[in-house]
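The shown structure was predicted, so the numbers you read here are calculated from the model rather than taken from an experiment.
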Amino acid sequence: QVQLVESGGGTVQAGGSLRLSCAASGRTSASYALGWFRQAPGKEREFVAAHSWSGGNTNYADSVKGRFTISRGNPKNQVFLQMNSLKPEDTAVYFCAADVGVEWWTAVAGEAEYDYWGQGTQVTVSS
């Protein structure tokens, strides 16, 4: 059992920045990837970014490339999402997810590959 808790959501004006945090606890694999997904009202959940256990491999959705940066904390049970140049279309509930038991370089985008999910944190970008 793994628990994931997100924090850092809030309301910001377009062009502003927010930093999301996620911490994993419980029984975790020695190697696991952490990623971020988001879901807007009336929309399906979509991939945002992922970070491998080691080696610094990252994966970003085209819609956030150049604006968002994902990083692993120390210890590695933490992951962060620095969101800059926010747009109203970034408004969504953001979820942290863990892909456990994978190779150290893995950072996949597929939602079905992730094993554990947090409850989400709301990000609202006003115009």
Exercise. Between atom SG of Cys22 and atom CH2 of Trp117, what is the distance when rounded to the nearest 0.5 Å?
Worked result: 11.0 Å
Problem set entry | Gln82 vs Ser17 side-chain heavy atoms within contact, under 4.5 Å | yes
Exercise. To the nearest 0.5 Å, what is the distance between CG (Asp115) and OH (Tyr32)?
Worked result: 12.0 Å
For this session: Check Ala14 against Ser127 and note the closest heavy-atom contact, atom names and distance.
Result: CB-CA, 4.5 Å
Exercise. Is Asn59 reaching over with its side chain to a backbone N or O of Val108, donor-acceptor style, under 3.5 angstrom?
Worked result: no
Exercise. So, do Ser52 and Thr58 sit near enough that their side-chain heavy atoms are less than 4.5 Å apart?
Worked result: no
Exercise. Does the ring center of Tyr60 lie less than 6.0 Å from the ring center of Phe47?
Worked result: no
Exercise. Taking the six-membered ring of Phe80, is the NZ or CZ of Arg72 close enough (under 6.0 Å from the centre) and on axis enough (within 45°)?
Worked result: no
Exercise. Closest approach of Leu81 and Ala49, non-hydrogen atoms and distance?
Worked result: CD1-CB, 4.2 Å
Exercise. So does Asp62 pair up with Lys65, basic N to acidic O under 4.0 Å?
Worked result: yes
For this session: Kindly state whether the ring of Tyr94 and the ring of Trp36 have centres lying under 6.0 angstrom apart.
Result: no
Exercise. Got more than 12 heavy atoms from elsewhere within 6.0 Å of CD, Gln13?
Worked result: no
Problem set entry | Within 45° cone and under 6.0 Å: Arg45 NZ/CZ vs Phe95 ring | yes
Exercise. Are Val100 and Ile70 connected, step by step, through hydrophobic side chains (Ile, Leu, Val, Met, Phe, Trp, Tyr) whose heavy atoms are closer than 4.5 Å?
Worked result: yes
